[in-house]
**Student:** 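There's a structure below that I have some questions on.
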Amino acid sequence: MNINVIIAAAGSASRANTEQNKIFIKSAEGKSALWYSVNMFLEVAEVSKIIIAAKPGEFREIIKVFDEDSRAALNGCADGVLNRMNSGKVLENNVARDNGGGEKNDGRAPIETIEFFCAGKKIILCAGGRDRFSSVKSALRYTDEACKTVLIHDAARPYAERALIDRVISDAAKYDSAVPAVPVADTMKILKKETPTGADTPGIFESEAPTATDITKIFKNDKKTAMSTDRKNYLSVSTPQGYAAAKIRAAYAVSENGVGFTDDSSVYEKYIAPPHLTEGQSSNTKITTESDVRQFENYDGGFAVFPKCAPFVILEKLTYGFADGYVPPKNTSHTRLTEEQFTNTKNAVLRPINEQSQNTEITEITTSGARQFENYGGGFSLRVGNGYDLHRFAEGRRFILGCTEIPHGSGLLGHSDADALTHSIIDALFSAAGERDIGCVFPDGGEEFKDISGTVLLERARRILEKKRVEIICVSSVVIAEAPKLSPHVTAMKRAISSALKIAPERVSISCKTNERTGLIGDKKALAAYSVCLVAVNGEGV
């Protein structure tokens with residue numbers, strides 16, 4: 001399946017009240033919102049192209065995001081892209097048309113598109129428009145004619161999980177459209193304002209996207225009133241949204257402007273058909289307000305151990321503050337800690353939740369809300385595991401290492417594909433989780449595991465840990481081999497392993513060493529791998 005992805009990144013971020021575009025705000029692990037929103041699609045094999053619709057004046061800043069990370073998790077960016085931008089030259093094969101205020105290049109037309117490759121996928125920067133509708137319409141011009149599905153995602157939604165993306169892709173293929181939606185959990189009110197005639201009319205905001213200043217004015221307005229509405233009649237929709245490429249192109253081609261359209265589903269609904277609704281993810285929030293910005297600045301990519309963290313978490317509707325290293329006892333009632341305990345939070349090691357933006361209720365109508373609470377770190381423990389594997393080389397075998405096929409004259413001998421690196425990682429994970437070793441869990445006798453891929457075994461190992469509520473934090477491995485030279489393949493191995501484990505690539509470390517021409521390994525007759533992992537065990541899962 002050929003899929004193109006559009007990232008809408010040309011917003012003004014007026015409601016976030018930040019000096020810079022919110023897509024460049026950094027998380028606790030030093031990654032921007034844009035980085036997460038693009039990186040989540042780099043791991044999807046079916047995606048062949050990613051189109052980022054942005055302000056031409058921010059192209060250089062966007063290129064920096066990928067150029068800096070090309071030496072880490074986002075390897076594969078074309079060399080010299082940033083240098084060519086800084087030199088002020090229009091890139092080769094660039095279509096340079098006047099788009100109303102882009103960057104100047106040696107007196108020539110402003111840059112409209114930039115093309116480069118990242119993790120083997122083509123990425124195009126194109127000029128966005130004055131609103132989201134115009135940006136998506138512009139980006140659709142650069143989708144491949146041969147692509148079957150187009151996914152459209154907000155750059156300011158960095159929390160989308162792989163399971164959500166997979167559901168959208170699957171449903172879009174079946175129904176030609178897929179819009180993630182979740183029931184509204186909060187009580188809803190419709191604001192009203194008084195008119196000169198004395199009659200109340202629904203609606204109080206002047207625009208569809210009120211700024212922080214607009215919102216402040218509203219809540220200081222003594223004349224505002226509100227009427228209740230039934231939340232059962234409403235769903236909250238998010239992105240990524242998926243559509244049959246031909247149909248979403250047709251919908252945007254017919255529409256002349258974005259008046260009345262707040263997202264792609266409203267365009268599709270007006271010109272094509274009511275879109276299919278897909279199970280959404282309640283934690284897939286958009287960075288919109290100042291409190292959303294603060295929440296993202298505390299985000300660490302999925303796991304929370306911070307030297308400094310927010311002082312509140314919400315647990316069963318009780319507010320706790322955490323002292324230095326304090327963990328609240330289980331099955332006890334608490335109100336607040338003393339002021340001294342409350343202010344001493346510099347080394348707290350619990351999942352931080354902003355007291356405003358994360359003050360949510362655990363409801364029965366959303367599964368992701370329950371999962372979020374199940375992953376709450378009150379009482380988690382950290383564990384370390386280690387693993388080791390060695391395989392001899394043999395003629396006539398494919399050389400598979402780290403879930404990656406590497407060109408070589410011979411491969412590793414074993415009942416499975418003999419992926420020694422992956423097997424050592426599995427042993428390390430099982431060790432940390434209290435499981436038996438890989439030979440006991442995946443025995444090498446019989447046909448079930450004959451020639452089985454290390455990738456499949458690693459995914460199965462991950463699911464075993466998930467059932468025990470064990471969260472993988474990081475993996476560090478050392479491969480010892482005299483030949484072939486493995487360093488050129490480290491990036492590919494990191495990406496393949498991180499994809500199977502569903503963790504960020506920078507949480508996988510691989511070092512390659514020789515055995516200084518000593519022993520079986522030094523004679524190029526075998527290869528060995530050592531691995532260490534760190535995991536978090538939540539609750540009483542193990």
Side-chain angles (χ1 to χ4, degrees), residues 303 380-394 397-406 411-481 486 490 493-503 505 507-513 515 519-521 525-542:
F303 180 74
F380 75 79
S381 62
L382 299 178
R383 296 187 185 180
V384 175
N386 62 75
Y388 168 78
D389 196 24
L390 180 145
H391 284 273
R392 289 176 175 268
F393 281 104
R397 296 271 299 181
R398 297 162 59 211
F399 182 35
I400 309 295
L401 192 70
C403 306
T404 304
E405 183 166 1
I406 297 173
L412 296 174
L413 182 64
H415 184 74
S416 64
D417 67 357
D419 186 342
L421 173 55
T422 299
H423 295 177
S424 72
I425 292 173
I426 293 172
D427 260 341
L429 294 173
F430 284 167
S431 171
E435 285 284 346
R436 297 289 301 277
D437 61 75
I438 186 173
C440 293
V441 180
F442 306 131
D444 61 4
E447 292 298 315
E448 181 182 0
F449 300 109
K450 176 67 175 174
D451 297 324
I452 193 168
S453 161
T455 304
V456 174
L457 292 181
L458 195 57
E459 290 172 344
R460 291 190 184 183
R462 186 203 73 235
R463 287 194 289 270
I464 290 173
L465 267 62
E466 286 175 348
K467 289 180 180 179
K468 303 183 75 168
R469 298 175 64 200
V470 176
E471 183 175 357
I472 303 167
I473 303 174
C474 61
V475 174
S476 179
S477 301
V478 178
V479 180
I480 305 173
L486 297 174
V490 165
M493 290 190 289
K494 286 179 59 173
R495 293 206 63 83
I497 291 169
S498 66
S499 178
L501 293 179
K502 292 189 180 295
I503 59 176
R507 296 188 183 187
V508 177
S509 172
I510 301 174
S511 300
C512 303
K513 307 291 182 182
N515 216 39
L520 197 64
I521 295 175
K525 295 180 180 179
L527 175 150
Y530 295 86
S531 293
V532 177
C533 72
L534 178 66
V535 304
V537 180
N538 290 286
E540 300 299 327
V542 236

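Predicted model only: the values in this text are computed from it and were never measured.
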**Student:** When rounded to the nearest 0.5 angstrom, what is the spacing between CD in Glu459 and OG1 in Thr422?
**Tutor:**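 That separation rounds to 10.5 Å.
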
**Student:** First locate atom CD1 of Ile400, then atom OG of Ser416, and finally report the distance between them rounded to the nearest 0.5 Å.
**Tutor:**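 It comes to 10.5 Å.
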
**Student:** How close do Cys440 and Pro443 get, counting heavy atoms only, and between which atoms?
**Tutor:** O-CD, 3.7 Å

**Student:** Under the 3.5 angstrom rule, does the side chain of Ser499 hit a backbone N or O of Ala496 as a donor-acceptor pair?
**Tutor:**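 Checking the backbone N and O of Ala496 against the side chain of Ser499, no donor-acceptor pair under 3.5 Å is found.
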
**Student:** What are the two closest heavy atoms between Cys403 and Asp419, and how far apart are they?
**Tutor:** N-OD2, 2.8 Å

**Student:** For residues Arg383 and Ala432, report the shortest heavy-atom separation together with the two atoms involved.
**Tutor:**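 For Arg383 versus Ala432, the nearest heavy atoms are CD-O, 3.4 Å.
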
**Student:** Other residues, nucleotides and ligands only: do more than 12 of their heavy atoms fall within 6.0 Å of CZ on Arg436?
**Tutor:**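 No - once you tally the heavy atoms of other residues, nucleotides and ligands closer than 6.0 Å, there are 12 at most.
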
**Student:** Nearest heavy-atom pair of Leu421 and Gly402: which atoms, and what distance?
**Tutor:**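 Closest approach of Leu421 to Gly402: CD2-CA, 3.7 Å.
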
**Student:** Looking at OG of Ser476 and CG of Leu534, how far apart are the two atoms once the value is rounded to the nearest 0.5 Å?
**Tutor:**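 So the gap between those two atoms works out to 11.0 Å.
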
**Student:** Hey, mind stepping through Ile452 and Phe442 against side-chain contact (heavy atoms from CB on, under 4.5 Å) and telling me if it holds?
**Tutor:** CA-CA 10 Å; Ile452 193 168; Phe442 306 131; over 6 Å; no

**Student:** Once you measure the plane-to-plane angle for His391 and His423, does it fall in the parallel (<30°), tilted (30-60°) or perpendicular (>60°) bin?
**Tutor:**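 If you compare the ring of His391 with that of His423, the planes turn out perpendicular.
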
**Student:** Got a second to check how far Asp417's CG is from Arg397's CZ, nearest 0.5 Å?
**Tutor:** 7.5 Å

**Student:** For the backbone of Ser453 and the side chain of Thr455, can you confirm whether one donor and one acceptor N or O come within less than 3.5 Å of each other?
**Tutor:** no

**Student:** Between Arg460 and Val441, does a side-chain contact (heavy atoms from CB on, under 4.5 Å) hold up when you go through it step by step?
**Tutor:** CA-CA 10 Å; Arg460 291 190 184 183; Val441 180; over 6 Å; no

**Student:** Distance from Phe449 atom CZ to Leu457 atom CG, nearest 0.5 Å?
**Tutor:** 6.5 Å

**Student:** After noting the C-alpha distance and the side-chain angles of Leu413 and Phe393, does the key distance pass the side-chain contact (heavy atoms from CB on, under 4.5 Å) rule?
**Tutor:** CA-CA 6 Å; Leu413 182 64; Phe393 281 104; over 6 Å; no

**Student:** Please say which of Val478, Ile497, Leu486, Ile425 ends up in a side chain to side chain contact (heavy atoms under 4.5 Å, CB included) with Ile510.
**Tutor:**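 Result for side chain to side chain contact (heavy atoms under 4.5 Å, CB included) with Ile510: Ile497.
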
**Student:** Is any side-chain N of the basic residue among Lys502 and Glu466 closer than 4.0 Å to the acidic one's carboxylate O?
**Tutor:**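 No, no charged N to carboxylate O under 4.0 Å.
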
**Student:** Ignoring hydrogens and angles, tell me if any N or O in the side chain of Asp427 forms a donor-acceptor pair with the backbone of Ile438 under 3.5 Å.
**Tutor:**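 Flag set: sc Asp427 to bb Ile438 pair under 3.5 Å.
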
**Student:** Check Asn386, Leu429, Val508 against Cys533 for a side chain to side chain contact (heavy atoms under 4.5 Å, CB included) and give me the one that passes.
**Tutor:** Leu429

**Student:** Can you see which heavy atom on Pro505 is nearest to which on Arg495, and at what distance?
**Tutor:**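 Looking at all heavy atoms of both residues, the shortest contact is CG-NH1, 3.6 Å.
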
**Student:** Using modelled atom types and a 3.5 Å cut-off, is there a donor and acceptor pairing between side-chain atoms of Arg462 and backbone atoms of Ala500?
**Tutor:** yes

**Student:** Working to the nearest 0.5 Å, report the span between CG of Leu501 and CD1 of Ile473.
**Tutor:** 13.0 Å

**Student:** Can you name the nearest heavy-atom pair linking Ala420 to Leu401, along with the distance?
**Tutor:** N-CD1, 4.3 Å

**Student:** Any side-chain heavy atom of Leu520 sitting closer than 4.5 Å to one from Arg392?
**Tutor:**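 The answer is yes; the side chains approach within 4.5 Å.
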
